[in-house]
K.L.:
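First the structure, then my questions, so here it is.
Source: prediction; values computed, not measured. As a basis for the values below, the full set of heavy atoms in this structure was taken, side chains included, without hydrogen atoms, waters or symmetry mates. Order of listing sets the numbers, starting from 1, for every ligand and every atom in it.
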Amino acid sequence: MKIVSVVGARPQFVKAFVVSRRLEPGHEEVLVHTGQHYSDDLSAVFFEELSIPDPDYNLGVGSDTHGRQTAAMIEGIEAILLEESPACILLYGDTNSTLAGAIAASKLDVPIAHVEAGLRSHDRSMPEEINRVLTDHVSDLLFAPSDLAKTMLEEEGITDGVHVVGDVGYDAIRWARGRAAGRGEILERRSLEGGEYVLGTIHRPKNTDTPSRLAAIVDALADAPRRVVVPLHPRTETALREYGLWEDAKRDLEIIDPVGYLDFVELLEGAERVVTDSGGVQKEAFYLETPCITLREETEWQETVDCGWNRLVGADRAAILEALRSTSWPRSAPSFYGDGHTAERIVAILEDAIDR
Ligand code: UD1
Ligand code: UDP
């Protein structure tokens, strides 16, 4: 079968490569990179490390307003779908690249398969929440990572084509652990001792685009009981500079460029805890049994909160510090998101559905 897969942003390269490896024998995958992420450390490094072949198409849309960026992607993806006539389009997660693929394919009646269906934060001010909801409502095959995600879909009246398959991110972590284990490279390079530092990632618009929130986060991290290493997303650097917080952040935190996936997994596994507003990092922390402090008021990975591994603290300085100092975290992590064989399951369901 011929499948068009659409990726565009960092987390999508990580999700897509595990499925691509399973599709490779016997199927034709046409890989489309929208170009939403284009900096080497947000894009090229993942293609190299994860041995992802060069995309068949790169739309090179770059950064822009949401409307213009999404529109440019829709136009580009539509032309590719007309050219390639695939059996289906495969979409990942919740970025503007996901939504663009969903709109282009739904208008052409190309069947849509959505990996990470049913995730909900219930915060419609998040661009990702809009992207998820709209994509799920036009999808034909919905690959939900958990029973809770399936329930979320049911609550919106979506029951056909839903399959609980687990999380492709867990497949990726298992793959990466095998490779990252024992490398110790990034810890050595940065003179970091396992268990002796806090890892931080910040890039959600609610935090980067609200000066008081970003200031409170930087302020709390500056008082953390351990060294704080922050591989910084470019939008956060821009915001810190704009709000006059850059000098404080540079002085009090160990700010580094974004790192590749293998280095990131190593940093996350070695961290005493992680402070993040990322979606993907919350459940990666859970898989690696690193306590997670989430700089948001809600999460789409609610199971990690319910079992005690993840604490939602928003951008409240006191709550962040309390969580950083807390010693009560669970001892072991239950399994909510599959067994690490999600990609195989997705490919088998795709084969079956397309044959029919
Ligand atoms: C996007 C996704 C978000 C995802 C994140 C992963 C949407 C709406 N947002 O957010 O869901 O969590 O990717 O990291 O799809 N920039 C660069 N180099 C790049 C790309 C961006 O410097 O390669 C800078 C630009 O200044 C740009 C800003 O980062 O304006 C934001 O980029 P954008 O792709 O719009 O959103 P992200 O915040 O990366
Ligand atoms: N990640 C990475 N390097 C970094 C930060 C994150 O490789 O410096 C990986 C991380 O392991 C996860 C993904 O990028 O797989 C998460 O991306 P991000 O936090 O940008 O997006 P989100 O998951 O919030 O959409």
K.L.:
With side-chain hydrogen bond (donor to acceptor under 3.5 Å, both in side chains) as the criterion, how do H33 and S43 come out once you've worked through the C-alpha distance, each side chain's angles and the decisive distance to 0.1 Å?
P.N.:
CA-CA 10 Å; H33 187 335; S43 178; 3.0 Å; yes
K.L.:
As an exercise, state the distance from CD1 of I202 to CG of L232, rounded to the nearest 0.5 Å.
P.N.:
7.0 Å
K.L.:
Backbone, side chain, both or neither: what part of R204 comes under 4.0 angstrom of ligand 2, heavy atoms only?
P.N.:
side chain
K.L.:
For P234, which part has a heavy atom under 4.0 Å from ligand 1: side chain, backbone, both, or neither?
P.N.:
side chain
K.L.:
Any idea which protein heavy atom is nearest atom 35 (O) of ligand 1, and the distance to it?
P.N.:
Q69 NE2, 4.1 Å
K.L.:
Which part of E128 is near ligand 1, with near meaning a heavy atom under 4.0 Å away: side chain, backbone, both or neither?
P.N.:
side chain
K.L.:
Can you tell which part of Y261 has a heavy atom less than 4.0 Å from ligand 2: side chain, backbone, both or neither?
P.N.:
both
K.L.:
If you measure from atom 39 (O) of ligand 1 to every heavy atom of H37, R235, H203, which option wins on shortest distance?
P.N.:
H37
K.L.:
Is the distance between the ring centroids of W301 and Y337 less than 6.0 Å?
P.N.:
yes
K.L.:
Measuring from atom 13 (C) of ligand 2, which candidate in A9, P11, A285 has the nearest non-hydrogen atom?
P.N.:
P11
K.L.:
Distance below 4.0 Å between atom 26 (O) of ligand 1 and any protein heavy atom?
P.N.:
no
K.L.:
Just to check, does L42 reach to within less than 4.0 Å of ligand 1 when the distance is taken from its heavy atoms?
P.N.:
yes
K.L.:
Flag the pair K283 / F336 as yes when at least one side-chain heavy-atom distance between them is below 4.5 Å, and no otherwise.
P.N.:
no
K.L.:
Is it the case that the side chain of H114 and the backbone of G93 share a donor-acceptor pair, with hydrogens and angles ignored and the cut-off at 3.5 Å?
P.N.:
yes
K.L.:
Mind listing the closest non-hydrogen atom pair of E49 and L262 along with its distance?
P.N.:
OE1-N, 3.1 Å
K.L.:
Starting from atom 14 (O) of ligand 2, what is the nearest protein heavy atom, named by residue and atom, and what distance separates them?
P.N.:
R10 CG, 3.5 Å
K.L.:
Identify, by atom number and element, the atoms of ligand 2 in contact range of P231, meaning under 4.0 Å from any of its heavy atoms.
P.N.:
8 (O)
K.L.:
Can you tell me which portion of P205 lies within the under-4.0 Å heavy-atom range of ligand 1? Options are side chain, backbone, both, or neither.
P.N.:
neither
K.L.:
Quick one: does V265 get an N or O within less than 3.5 Å of an N or O on ligand 2?
P.N.:
no
K.L.:
Could you check atom 8 (C) of ligand 1 against the protein and tell me its nearest heavy-atom contact, residue, atom and distance included?
P.N.:
N96 OD1, 3.3 Å
K.L.:
For atom 18 (N) of ligand 1, what's the nearest protein heavy-atom neighbour? Residue, atom name and distance, please.
P.N.:
S39 OG, 2.7 Å
K.L.:
Among all protein heavy atoms, pick the one closest to atom 23 (O) of ligand 2 and tell me residue, atom and distance.
P.N.:
G280 N, 2.8 Å
K.L.:
Could you tell me whether the side chains of T98 and N131 share a donor-acceptor contact shorter than 3.5 Å?
P.N.:
no
K.L.:
Within a strict 4.5 Å, meaning less than it, do heavy atoms of the R345 and T342 side chains meet?
P.N.:
yes
K.L.:
Is there a donor-acceptor contact under 3.5 Å linking the side chains of S63 and Y38?
P.N.:
yes
K.L.:
E284 heavy atoms, cut-off 4.0 Å: which ligand 2 atoms fall inside?
P.N.:
10 (C), 11 (O), 12 (C), 15 (O)
K.L.:
For atom 16 (N) of ligand 1, grab the closest protein heavy atom and report residue, atom and distance to one decimal in Å.
P.N.:
Y38 OH, 3.6 Å
K.L.:
More than 12 non-hydrogen atoms from neighbouring residues, nucleotides or ligands closer than 6.0 Å to CD on E196, yes or no?
P.N.:
yes
K.L.:
For atom 6 (C) of ligand 1, what's the nearest protein heavy atom and its distance?
P.N.:
P11 CD, 3.5 Å
K.L.:
Compute the ring centroids of F46 and Y261, then answer whether they are less than 6.0 Å apart.
P.N.:
no
K.L.:
So, Q282 side chain and T304 main chain: donor-acceptor pair closer than 3.5 Å or not?
P.N.:
no
K.L.:
Is the closest side-chain heavy-atom distance between I3 and H27 below 4.5 Å?
P.N.:
no
K.L.:
Counting each atom of ligand 1 from 1 as listed, which ones have a heavy atom of H233 under 4.0 Å away?
P.N.:
14 (O), 29 (O), 37 (P), 38 (O), 39 (O)
K.L.:
Within a distance under 4.0 Å of any heavy atom of F46, pick out the atoms of ligand 2 and give their elements.
P.N.:
2 (C), 7 (O)
K.L.:
For atom 24 (O) of ligand 2, what is the closest protein heavy atom, and at what distance to 0.1 Å?
P.N.:
G279 N, 2.8 Å
K.L.:
Looking at ligand 2, is there an atom of it that comes within less than 4.0 Å of some heavy atom belonging to E128?
P.N.:
no
K.L.:
Below 3.5 angstrom, do we get any N/O pair linking R204 and ligand 1?
P.N.:
yes
K.L.:
Closest by any non-hydrogen atom to atom 16 (C) of ligand 2: pick that one out of G93, G260, S278.
P.N.:
S278
K.L.:
Between E84 and Y57, is the side-chain hydrogen bond (donor to acceptor under 3.5 Å, both in side chains) condition met? List the steps.
P.N.:
CA-CA 11 Å; E84 300 285 348; Y57 297 89; 2.5 Å; yes
K.L.:
Provide, to 0.1 Å, the distance between atom 34 (O) of ligand 1 and the closest protein heavy atom, together with that atom's residue and name.
P.N.:
Q36 NE2, 3.2 Å
K.L.:
Within a radius of less than 6.0 Å around NZ of K150, do more than 12 heavy atoms belonging to other residues, nucleotides or ligands occur?
P.N.:
no
K.L.:
Which protein non-hydrogen atom lies closest to atom 32 (O) of ligand 1, naming both residue and atom, and how far is it?
P.N.:
S63 OG, 4.4 Å
K.L.:
Find out if a path of hydrophobic residues (ILVMFWY) with successive side-chain heavy-atom gaps under 4.5 Å connects L23 to I80.
P.N.:
no
K.L.:
Any heavy atom of V259 closer to ligand 2 than 4.0 angstrom?
P.N.:
yes
